[in-house]
> 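Handing you this structure, nothing more for now.
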Amino acid sequence: MSNHLFDLVRANLPADPAAKLFLETADGARYTYADLIVRSGAYAAALVAAGVTPGDRVAVQVEKSPEVLFLYLGAVRAGAVFLPLNTAYTAPEVAYFLGDAEPAVFVCDPGRRALLEPVAEGAGVALVHTLDAEGRGTLAEAATAAAQAFADVARGPEDLAAILYTSGTTGRSKGAMLSHENLASNARTLVESWRFTADDVLIHALPVFHTHGLFVATNTVLATGATMLFLPRFEPARVLALMPRATAMMGVPTFYTRLLREPGLTREVAAGIRLFVSGSAPLLAETHRDWEARTGHAILERYGMTETNMNTSNPYAGARVAGTVGPALPGVSVRVVDPETGAALGTDAVGMVEVKGPNVFQGYWRMPEKTAAEFKADGFFITGDLGKIDAQGYVHIVGRGKDLIITGGYNVYPKEVENEIDALPGVVESAVIGIAHPDFGEGVTAVVVGGAGVPDEATILRTLEARLARYKCPKRVLFVEELPRNAMGKVQKNLLRDTHAGLYAAGRA
Ligand code: AMP
């Protein structure tokens with residue numbers, strides 16, 4: 001039977017079934033492509049035996065292991081919809097997701113079963129299974145007991161393969177519905193653009209509940225028959241030790257900043273790598289330059305999101321420009337429009353980034369109105385990111401629309417102010433946010449991580465006044481040890497705004 005996404009994996013299986021898929025896993029086990037076929041088939045059979053029918057959701061909140069990926073592919077082969085949940089979600093959060101998604105099965109860590117089984121029951125989920133970080137649990141046992149040869153359930157390009165909930169820093173978290181072709185088309189595009197082959201060995205240290213580790217990294221490998229050094233988590237020393245055996249790494253910017261702090265990061269250790277990719281959050285231009293100076297490699301920065309898979313990428317061959325996310329990927333259309341009028345904007349004008357292509361999702365699960373509001377009549381999806389396209393066609397992301405600061409009626413793009421602050425001596429990094437201000441509506445506020453020799457607040461303010469229009473200059477500079485980040489390395493500006501909400505309250509500023 002044709003199963004659109006899994007057919008892509010089958011079509012690209014390495015000639016030798018003993019070819020390695022996962023190495024360096026938490027339990028030290030090695031898995032081959034033959035294991036992938038057998039184990040994903042076993043999970044598919046176990047799910048079908050448990051009553052899972054095509055279109056049913058399979059919700060999964062488990063630690064990273066090769067078995068989770070076998071389960072992902074098993075769900076796809078069974079015609080089900082894979083629904084991974086961030087391992088950090090608490091019981092009340094899980095209750096929301098299960099109530100919203102109404103999965104046929106919920107899979108959790110055995111250690112959390114006592115806590116989460118009543119939650120699942122409360123949400124009307126008929127079956128709870130377990131799977132731990134070593135790949136053991138009731139579901140793994142059911143898979144082992146199930147028939148191993150599985151005839152894939154027929155699924156077409158438009159059928160759903162996965163639902164990924166967005167991190168939802170404002171309002172309810174939304175389930176992004178991704179079709180077989182959304183995932184397959186993006187995998188094919190990335191393989192082509194980044195020149196993946198069966199000879200590649202990818203360092204995989206990302207979580208697998210998020211689009212980056214689950215789809216960008218994994219599907220690119222599966223669509224070429226390549227190998228992964230599959231680490232349970234990111235540890236700089238471990239990644240450095242493995243680097244000589246790898247050809248590629250995909251990471252979030254914090255991987256790169258943390259590796260740069262390791263004295264062992266040298267040209268020699270990175271000599272066998274052909275590609276370093278960064279995404280999920282902005283890579284500082286300075287990190288890009290430091291990495292190139294240390295290793296001789298220009299990091300390839302790309303831009304995407306849960307809803308759209310990957311949209312743009314710096315070129316494999318050609319200029320990888322620091323501070324940009326590169327041109328639109330083949331088959332993807334990207335435009336920048338005036339957020340108020342919707343009119344297309346010209347070169348270098350900052351506005352709302354919109355995208356269209358086979359990569360763009362099918363809408364938000366059970367939120368038809370929200371979905372309708374985020375798509376234009378001509379099929380473009382409104383990303384919520386502000387950016388511009390330069391004369392070379394390279395896209396620059398300047399931040400989330402909701403992070404735009406409006407002060408005294410003027411728009412301030414935080415990135416522009418952050419770039420000026422980051423260029424000051426002794427500044428490690430900064431986040432510029434808007435905080436309620438009695439006179440200005442919002443007061444531009446800089447939160448700075450300072451290293452040795454960082455100037456004091458008054459000096460920073462004075463320096464910026466000479467470089468930025470007055471309305472863009474921060475009213476205050478606050479110093480912190482580090483910026484709050486989520487699992488994907490994104491700075492959580494909403495937390496900073498909450499922490500400092502009262503900064504300009506009457507009598508304080
Ligand atoms: P997520 O859905 O968690 O993958 O988050 C997607 C968001 O991450 C995008 O809408 C952007 O705001 C941000 N993002 C992803 N990649 C980049 C990048 N290379 N530079 C700047 N922002 C990025």
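Just so you know, ligand 1 is whichever comes first in the structure, and atom 1 is the first atom listed for that ligand. Predicted, not measured: the structure shown is a model, and the values here were computed from it. Start at 1 with the first residue, then count along the sequence.
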> Does ligand 1 have any N/O pairs with the protein under 3.5 Å, and how far apart?
residue	atom	partner	partner atom	Å
ligand 1	2 (O)	T306	N	2.8
ligand 1	2 (O)	T306	OG1	2.6
ligand 1	3 (O)	H210	NE2	2.9
ligand 1	3 (O)	K490	NZ	3.3
ligand 1	4 (O)	H210	NE2	3.3
ligand 1	5 (O)	K490	NZ	2.8
ligand 1	8 (O)	S280	O	3.4
ligand 1	8 (O)	K490	NZ	3.0
ligand 1	10 (O)	D385	OD1	3.3
ligand 1	10 (O)	D385	OD2	2.6
ligand 1	10 (O)	R400	NH1	3.0
ligand 1	12 (O)	D385	OD1	2.6
ligand 1	12 (O)	D385	OD2	3.4
ligand 1	16 (N)	S280	N	3.2
ligand 1	19 (N)	E301	OE2	2.9
ligand 1	19 (N)	R302	O	2.7
ligand 1	20 (N)	E301	OE2	3.4

> Looking only at the side chains, is there a donor atom on one of D159 and H4 sitting less than 3.5 Å from an acceptor on the other?
no
> In Å, rounded to the nearest 0.5 Å, how long is the span from CD of E429 to CG of D422?
7.5 Å
> Would you say the side chains of N219 and Y72 form a donor-acceptor pair under 3.5 Å?
yes
> Assess whether atom CD of E262 is packed by more than 12 heavy atoms of other residues, nucleotides or ligands within 6.0 Å.
yes
> Suppose the criterion is salt bridge (Lys or Arg N to Asp or Glu O under 4.0 Å): which pairs have a residue in residues 358-376, not counting sequence neighbours?
E102-R366, E354-K376, K370-E374
> Give a yes-or-no answer on whether the side chains of T220 and W194 include a donor-acceptor pair shorter than 3.5 Å.
no
